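In what follows, a structure is listed as structure tokens, so that the remarks can point back to it.
Please read all numbers here as calculations on a predicted model, not as lab measurements. Each chain gets a letter, A, B and so on, in the order its sequence line appears, and its residues count up from 1.
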Amino acid sequence: MNIFRLAGDMTHLLSILVLLLKIYATKSCSGISRKTQELYAIVFMARYLDLFTDFISVYNTFMKLIFIASSLAIVWCMRFHPVVRRSYDRELDTFRYFFLVGASFALALVWHDKFTLQEVFWAFSIYLEAVAILPQLVLLQRSGNVDNLTGQYVFFLGAYRAFYILNWIYRYMTEPRFTRWIAGISGVVQTALYADFFYYYFISWKNNSKLKLPA
Amino acid sequence: KEEDDFKDEL
């Protein structure tokens, strides 16, 4: 564990807490893409297949459980909670994410560390996470003004993978033979997808204005 | 090889 990876994990946890706060405090999920939440639930379930077979540390197991439980709880809220589900922007959240799932799985069948079920699903989860934010970014562009908590949620979600990139650079420099090409390249793509969001987020912070993404 | 591509990250 290094400071970059810890910062990444804490930022990721923070993004989830901000999203839970937004849904709980406002009893609303307006501006949140359910499709992105569903993709993240798939990402965590596909990535943590080793949850009960490989014990790495209490921290590792605890965080995996938090990520799986929170993503499923958020999807459940957005689908079945009688109050929250009414504020779902159904007509705006129309990104056809089936292609993202299919393409990620196809790529995982081709490019993986080892051709085993666990490794193919791990690579699938890495590729899928890289594109999972797309429905959310599309929804933000369509829904015009973005409430503060939603903006902070997306910001922290993008920032966590940037910390992981620093972590991979650090490990590459300090650990012999450390390579994480699949996660590294996907992580760069994932963070790059946030580039324009980060730009408009910075502008709104500098001008102290409402966050607005151009349509 | 086995140990260093061990998935220890989240």
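- One finds no salt bridge joining B/Asp8 and A/Lys64 here, because no Lys/Arg side-chain nitrogen approaches an Asp/Glu carboxylate oxygen to under 4.0 Å.
- Proximity to chain B is limited to the side chain of A/Asp9, based on heavy atoms less than 4.5 angstrom apart.
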Verdict with supporting geometry, B/Leu10 and A/His12, side-chain contact (heavy atoms from CB on, under 4.5 Å) | CA-CA 10 Å; B/Leu10 289 172; A/His12 191 183; over 6 Å; no
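- Residues of residues 124-143 of chain A never come closer than 4.5 Å to chain B when only heavy atoms are counted.
- Using modelled atom types and a 3.5 Å distance limit, the side chains of B/Glu9 and A/Asn167 yield a donor-acceptor pair.
- The local environment of OH in A/Tyr170 is sparse, with at most 12 non-hydrogen atoms from other residues, nucleotides or ligands closer than 6.0 Å.
- Contacts of A/Tyr48 with chain B are made by side-chain atoms alone, with heavy-atom separations under 4.5 Å and no backbone atom involved.
- Tested against B/Lys7 for a side-chain hydrogen bond (donor to acceptor under 3.5 Å, both in side chains), the candidates A/Asp50, A/Asp54, A/Asp113 yield a single pass: A/Asp113.
- For residues 13-27 of chain A, the pairs satisfying side chain to side chain donor-acceptor pair (under 3.5 Å) are A/Lys22-A/Asp147, with sequence neighbours left out.
- By the neighbour-count criterion of 12 heavy atoms within 6.0 Å, atom CH2 of A/Trp76 is densely surrounded, having more than that number from other residues, nucleotides or ligands.
- Counting heavy-atom neighbours within 6.0 Å of A/Tyr199 OH, excluding the residue itself, gives a total of 12 or less.
- For CZ of A/Phe55, the number of neighbouring non-hydrogen atoms (other residues, nucleotides, ligands) closer than 6.0 Å is greater than 12.
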